[in-house]
Amino acid sequence: MTKIRTRYAPSPTGRMHVGNLRSALYEFLIAKHDGGDFMLRIEDTDQERYVEGATEIIYRTLEQTGLKHDEGPDKDGGYGPYVQSERMKTGIYMKYAKELIDKGEAYYCFCDKERLASLRTEVVDGKEITIYDKHCLGLSREEVEANLASRKPFVIRQNIPNEGTTTFHDELYGDITVENAELDDMILIKSDGYPTYNFANVVDDHTMNITHVVRGNEYLSSSPKYVRLYDAFGWQVPVYIHLPLITDENHKKLSKRSGHASFEDLIEQGFLTEAIVNYVALLGWSPEGNREIFSLQELIEQFDYHRISKSPAVFDIVKLRWMNGEYLKAMDDELFYEMAKPYLQETLKKDFDLRKIARMVKTRIETFLDIAGQVDFFEELPEYDAEMYVHKKMKTTRETALMVLTEVLPILEEQEDYSNDGLYETLLKYVEQKGCKNGFVMWPIRTAVSGKQMTPAGATEIMEILGREESLKRIRKGIEKLRDV
Ligand code: GLU
């Protein structure tokens, strides 16, 4: 059996879209599942779309997500160059384009802008394309030679007959047959000498021995034309896997506007790399069984591309949040602390024990950005309403809360030991004296020291963090508040 070789072939046009990350991940998993090679190829032939710094983003993202490539511009595996603009300089695309011309499968086209503008256009996949009328196919050999000799600008087009059909196979979609009349004579070599993506992907995938091609299904409609090129050369067509569209919650194509379309967006929103990779793996693919949490290594073991679905995958941020929370819970305490620290420091400027606070929030947040809302009350007591003291189940009313706070204040003023345990012991004695439930006492105290309905910890843990002075101050304030109403 031939060794599996897959490639991730991004165009350096900006941040790494979730769809691109999914293609890269699936390519990686297909290769690694079978001990194959995963290759990086930079497709930079569209000079107009090139974005400065985008190549660095690609390297950084692959590195961070653990999708280690075996070959690429920075790792020669004998199939280089791995950057299309550099491949172009070797003359490879022109050589193969000329071979197609000799076979009658391609031809020079010298039509100028004005002539092309007068031709029929059609909207394909939302893009307006010119239906070329094969005018230049009718040029005699002499006319072509003369044009070339006089350096008249040209492109090279694929010659697709108007009759017959073309069939190609996709692993998910099965056999797809199209009428040749529906296929345009697409440009293979542009007037600047660069190949189009349409041509370069075929030449490169073949010459780099790629066995499996995974990409978004926006390429599905062009694939018959690629297959015609493979056939014209007598090359073997790779296994094609066109992935379903990824949509946002409103079933619209996931786009920049949704705010979480790229890997970097998600990192900025406080998600963990591992959770993003895990979640993206499930955008269209599902393993046997109900399990959803997988490390990259486990994905490698489980991944089977035959289980990819054709139906659009909805990017569900709520689900990703849940998944991220699961990763946070399972994280080593020390690592969590290190990662949470910058977020804690952003909200907490006073001198708090951040390690303890980190431990409090670890199981209660879904992303790091949730930290602020959980811990902000430590920094400053928020404005709150006296109604917050009322708790039916604990039979707490404003009056009983006032009584409890008034009675525990002198006890807490006496107390020197403000450790969680010390405070708890003291308050428990008071509870026993009163013969009431814990909550009857703890609820009003917790409300007073936090000003919040929900906190990441109980009254005494909070007081331990706040310290004696601040805790007493807040309890006194609570008493005032309850007296005022
Ligand atoms: N350069 C193309 C893109 O970024 C790659 C498509 C493919 O994988 O063939 O969309």
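First listed ligand is number 1; within each ligand, the first listed atom is number 1. In this chain, residues are counted from 1 in sequence order. We use all heavy atoms of the structure for the numbers below, so side chains are in, but hydrogens, waters and symmetry mates are not.
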Please answer whether the main-chain N or O of Gly36 pairs with a side-chain N or O of Lys32 as donor and acceptor at a distance below 3.5 Å. yes
Protein heavy atom at shortest distance from atom 8 (O) of ligand 1: Arg7 NH1, 2.8 Å
Min N/O separation Asn201 to ligand 1 under 3.5 Å: no
closest protein heavy atom to atom 5 (C) of ligand 1 is Ala9 O, 3.1 Å
Determine whether a donor-acceptor pair (N or O, by modelled atom type, separation under 3.5 Å) exists between the side chain of Asn162 and the backbone of Ala181. no
Contact atoms of ligand 1, heavy-atom distance to Glu43 under 4.0 Å: 1 (N), 2 (C), 5 (C)
Taking NZ, NE, NH1 and NH2 as the nitrogens, is one of them in Asp133 or Arg115 under 4.0 Å from a carboxylate oxygen of the other? yes
Does Met208 offer a backbone N or O that forms a donor-acceptor pair with the side chain of Arg5 under 3.5 Å? yes
Contact atoms of ligand 1, heavy-atom distance to Arg215 under 4.0 Å: 7 (C), 8 (O), 9 (O)
Of all the non-hydrogen atoms in the protein, which one sits nearest to atom 7 (C) of ligand 1, and at what distance? Tyr197 OH, 3.2 Å
Filtering Tyr240, Tyr219, Tyr8, Tyr226 for the heavy atom nearest atom 10 (O) of ligand 1 leaves Tyr219
Is the cationic atom of Arg7 (NZ for Lys, CZ for Arg) positioned less than 6.0 Å from the six-membered ring centroid of Tyr82 and within 45 degrees of its normal? no
Between Tyr96 and Trp235, ring centroids under 6.0 Å: yes
